[in-house]
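As structure tokens, the structure follows; a few thoughts come after it.
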Amino acid sequence: MNQSTRAHWSGRIAFILAAAGSAIGLGNIWKFPYITGENGGGAFVLIYLACVAVVGLPILLAEVYIGQKARRNAVEAFELTHKTGTYWRVPGWLGLASAFLILSFYSVVGGWILDFEFRSIINEFGGKSANEIKGTLTSLFTNWPRQLFWHTVFMSLTVAIVLGGVKDGLERWNKILMPALLALLALLLVRVMFLPGFGQAMSFLFSPDTSKLKAAGILEAVGHSFFTLSLGMGALITYGSYLKKKESLPKIVIAVAFIDTAIALVAGIVIFSIVYSFNMAPGAGPGLILVTLPTLFSQMAGGYIISVAFFLLVSFAALTSAVSILETMVAYWTESHNVDRKKSALIVGVVIYLLGLLSVFSTNLLNSPQFKMFAGTLLSKNGLTFFDLFDKLTSSYFLPIGGLLIALFFGWILGEKAIKEATKSDNKLLNKGLLWSARIVAPGAVLDVLLNLVFEWSVLRWLFGMVFG
Ligand code: TRP
């Protein structure tokens with residue numbers, strides 16, 4: 001595609017909505033609450049928030065800037081922004097690997113949400129107790145044909161939207177559905193304030209207890225700050241490449257990070273208020289929202305409509321995120337290998353769909369004792385399923401390492417001139433702050449956390465212990 005005919009967003013607001021559409025998804029509503037529950041609450045939340053502000057924001061700016069400057073897909077954008085060797089394709093390749101793995105399990109979880117939307121419509125939850133709803137979830141996890149069906153639906157929808165192209169495919173949906181999701185969450189927030197467990201939920205989420213946090217949990221918090229902002233994989237390079245050159249970036253990236261974080265926190269408050277009001281386990285794992293929310297809906301005035309609306313909006317939020325992951329790959333094959341857009345969306349879609357089968361089978365066929373014996377050390381030793389493996393590998397390693405490389409590229413190779421161009425500001429404090437955070441702080445934080453994982457010692461952990469210990 002030649003540069004002058006390359007697709008672009010219709011404007012600033014459209015881009016914010018698209019970037020927010022990518023960022024806001026299952027990461028905020030499904031993943032954040034359940035990993036917060038597994039990692040003991042407050043301390044985990046604090047690290048996640050600090051990472052969004054200190055590590056996430058500069059890298060977010062870097063990605064959008066690189067895309068906007070290069071007007072090219074994530075693999076080739078680096079070398080076009082600055083005449084460097086083709087070894088700067090490495091973060092792009094790593095990003096494509098992440099994209100394959102992430103979308104494969106993301107689609108399966110998206111399928112669970114679709115299944116719960118269907119069950120909401122046929123009023124399967126009305127009047128049910130928490131235990132009965134838990135039974136429904138267990139039966140979904142053990143029923144692989146049912147998961148397979150919804151995984152098929154989710155992946156087909158994702159491919160269909162990407163085939164529609166940037167403007168018609170994405171923009172139209174984002175405009176209406178993101179604000180609607182926000183409004184519904186606000187409503188739920190007001191509702192849970194009247195639940196008996198609200199206070200306990202607030203202290204669980206916002207009073208840090210470092211003793212509950214292990215090295216792997218710290219890495220998970222850092223990794224999640226990348227996952228939830230769609231960072232470290234080139235998705236925002238790709239979206240930035242459709243942004244016209246005149247748009248200014250800092251306000252955009254701050255707006256996206258702010259909305260994304262607010263949604264995760266509200267989802268967290270809602271879910272843990274339910275957990276503590278109905279005596280549920282905070283560390284229940286990936287099924288957490290699917291047990292808690294229907295329990296609230298089944299007891300709430302207007303619960304039927306709210307349940308139908310909620311799972312519908314979460315499905316759309318998940319789809320707009322999935323679309324950004326697929327688009328990152330499709331942009332590469334169409335641009336760099338001249339593959340027809342339709343063809344590449346279909347082929348990539350099918351490959352990811354097949355890879356997703358491993359996640360579909362993770363809670364049933366592959367979870368049997370027989371299989372675990374057969375699979376030997378890799379899976380059974382850590383009790384990891386493919387689903388867990390793909391998630392951990394990407395969130396905790398690929399995305400942070402990708403982000404680290406992007407930060408280094410921005411700080412050391414592009415340097416001050418580019419940062420000034422990205423911020424479109426002469427504010428010295430801002431520009432210098434960004435420069436050193438891209439050069440030292442963001443990469444340092446990621447390295448420090450990896451250090452912590454290997455040696456159980458790190459600079460951050462030491463500081464954290466001094467402050468809260
Ligand atoms: N951020 C999305 C979420 O929170 C998921 C996502 C979309 C993503 N695009 C990404 C994660 C790119 C990592 C990289 O649900």
Side-chain angles (χ1 to χ4, degrees), residues 17-36 48 51-52 55-56 59-60 62-64 67 73-74 91-92 94-113 154 158 161-162 170 174 177-178 181 185 220-240 253 256-257 259-268 286 289 313-332 348 352 390-406:
L17 284 166
S22 167
I24 300 164
L26 297 171
N28 307 61
I29 291 164
W30 160 73
K31 196 172 175 192
F32 172 72
Y34 105 72
I35 60 178
T36 299
Y48 151 75
C51 281
V52 167
V55 182
I59 299 179
L60 192 55
E63 280 207 30
V64 180
N73 66 76
L94 188 66
L96 289 186
S98 304
F100 270 105
L101 295 172
I102 292 176
L103 191 50
S104 79
F105 72 80
Y106 204 88
S107 169
V108 174
V109 181
W112 300 347
I113 304 289
F154 190 91
T158 306
I161 299 176
V162 169
L170 303 181
N174 281 331
L177 297 166
M178 286 297 128
L181 177 64
L185 276 171
E220 208 168 344
V222 175
H224 186 67
S225 70
F226 284 89
F227 186 91
T228 191
L229 292 172
S230 303
L231 285 184
M233 189 201 92
L236 289 163
I237 295 181
T238 308
Y239 272 19
V253 305
V256 170
I259 304 174
D260 187 74
T261 308
I263 292 204
L265 292 178
V266 173
I289 71 159
L313 292 173
V314 175
S315 306
F316 275 108
L319 272 173
T320 52
S321 300
V323 158
S324 75
I325 304 175
L326 185 57
E327 176 66 28
T328 305
M329 294 182 262
V330 170
Y332 167 69
V348 174
I352 291 176
F390 292 172
D391 184 7
K392 292 249 151 52
L393 198 62
T394 50
S395 288
S396 294
Y397 298 96
F398 287 14
L399 298 178
I401 291 169
L404 177 140
L405 294 174
I406 293 167

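We count ligands from 1, going down the list as the structure has it; atoms in each ligand are counted the same way. Bear in mind that the values here come from a model prediction, so they are computed numbers and not experimental data. Hydrogens, waters and symmetry mates play no part in the numbers below; they use all other heavy atoms, side chains included.
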Just so I know, are the side chains of [X] and [Y] near enough to count as touching, which here means a heavy-atom distance under 4.5 Å?
| X | Y | answer |
| --- | --- | --- |
| Pro286 | Trp30 | yes |
| Glu327 | Ser22 | no |
| Thr328 | Asn73 | no |

Give me the ring orientation class for Tyr48 and Phe32: parallel if the planes are under 30° apart, tilted from 30 to 60°, perpendicular past 60°.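 It falls in the tilted class, 30° to 60°.
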Is there a side-chain contact (heavy atoms from CB on, under 4.5 Å) between Thr320 and Met178? Walk through the geometry before answering. CA-CA 10 Å; Thr320 52; Met178 286 297 128; 3.6 Å; yes
Sorted by chain and residue number, the residues with a non-hydrogen atom under 4.0 Å of ligand 1 are Ser22, Ala23, Gly25, Leu26, Gly27, Asn28, Ile102, Tyr106, Phe227, Thr228, Ser230, Met233, Ala235, Ser321, Ser324, Ile325, Leu399
Give the minimum heavy-atom separation between His224 and Gly27, together with the two atoms involved.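 Heavy-atom minimum between the residues: CE1-O, 3.2 Å.
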